Amino acid sequence: QVQLVESGGGLVQPGETRLLSCETSGFQFDTYGVGWFRQSPGKAREAISGITVSGRSKYYADSVKGRFIVDRDNRDSVAYLQLNSVNVEDTAVYYCAAGPQRDNWPSFSSWGDETQYTYWGQGTQVTVGS
């Protein structure tokens, strides 16, 4: 069975750093692009980051660019999202997702397309507050 399990969430103080992990199994991770999404209560789900199979291309939403860092380890089938300089607006459930990589996906203009992601994790809650 396919599994994507996020971890690393919890209460984070404003300005702090937190590393989220997405451990995967049941599919060929090194042929799948990875995306990170988040959703706050009463708000639409937001695509915040993406990464290609090789890790050579990384994508970020304007809301997190310059603060968050996406990475992956194909040997261990794990994706990461490092949250830096967090603020209250970063409070959300964070999800990782994976989709089969193609020539045109992920790309600069398409990485955030939710329909391209085949597998989704259950999410991990990040709450920013003091």
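Note that this is a predicted model, so its numbers are computed, not measured.
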Quick check: closest heavy atoms across [X] and [Y], and the distance to 0.1 Å?
X: A98; Y: L4; answer: N-CD2, 4.1 Å
X: G26; Y: V2; answer: O-CG2, 3.5 Å
X: P106; Y: G33; answer: CG-CA, 4.2 Å

Under the side-chain contact (heavy atoms from CB on, under 4.5 Å) rule, collect the residues that match up with S85, sequence neighbours excluded.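 For S85, the residues satisfying side-chain contact (heavy atoms from CB on, under 4.5 Å) (neighbours in sequence not counted) are R67.
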Contacts of type side-chain contact (heavy atoms from CB on, under 4.5 Å), residue S40, not counting sequence neighbours: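 Per chain and number, S40 pairs via side-chain contact (heavy atoms from CB on, under 4.5 Å) with K43, A92.
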Output for pair (R18 CZ, D90 CG), nearest 0.5 Å, gives 12.5 Å
Enter the distance from D71:CG to Q82:CD here, rounded to the nearest 0.5 Å.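 Separation between the atoms: 9.5 Å.
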Do the rings of W111 and Y59 sit parallel, tilted or perpendicular, given the 30° and 60° boundaries? parallel
Any side-chain heavy-atom pair from [X] and [Y] closer than 4.5 angstrom?
X: P14; Y: V128; value: yes
X: S77; Y: S25; value: no
X: S110; Y: N104; value: no
X: S7; Y: T124; value: no
X: I51; Y: Y80; value: no
X: V12; Y: L83; value: no

Under 3.5 Å, side chain of [X] to main-chain N/O of [Y], donor-acceptor pair present?
X: Q116; Y: D113; value: no
X: K65; Y: Y60; value: no
X: R72; Y: F29; value: yes
X: T17; Y: N84; value: no
X: Q122; Y: E6; value: yes

In the hydrophobic clustering (ILVMFWY, side-chain contacts below 4.5 Å, transitive), which residues join V53, or is it alone?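 Grouped by the 4.5 Å side-chain rule, V53 forms a cluster of one, so the answer is none.
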Under 4.5 Å side-chain linkage, directly or through intermediates, the cluster mates of V5: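 V5 shares its hydrophobic cluster with no other residue.
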In this structure, would [X] and [Y] fall into the same cluster of hydrophobic residues linked by side-chain contacts under 4.5 Å?
X: Y95; Y: V86; value: no
X: L20; Y: L11; value: no
X: Y119; Y: V93; value: no
X: Y94; Y: L19; value: no

Do F37 and W120 make the cut of ring centroids closer than 6.0 angstrom?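 Ring centres of W120 and F37 closer than 6.0 Å.
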Using ring centroids (six-membered ring only for Trp), state whether Y117 and W105 fall under 6.0 Å. yes
Which residues pass the side-chain hydrogen bond (donor to acceptor under 3.5 Å, both in side chains) test with T127, not counting sequence neighbours?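 Result, side-chain hydrogen bond (donor to acceptor under 3.5 Å, both in side chains) vs T127: Q125.
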Which residues pass the side-chain hydrogen bond (donor to acceptor under 3.5 Å, both in side chains) test with E114, not counting sequence neighbours? R45
Go through it in stages, so that I can follow the logic: the residues are D76 and E23, the test is side chain to side chain contact (heavy atoms under 4.5 Å, CB included), and I'd like the CA-CA distance, side-chain angles, deciding distance and then a yes or no. CA-CA 8 Å; D76 295 330; E23 302 195 22; over 6 Å; no
Between S63 and E46, do the side chains contain a donor N or O and an acceptor N or O under 3.5 Å apart?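 Their side chains do contain a donor-acceptor pair, which is all the 3.5 Å distance test asks for.
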Just to verify, which of I48, V34, V64, V126 counts as forming a side chain to side chain contact (heavy atoms under 4.5 Å, CB included) with L81?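 The passing option is I48.
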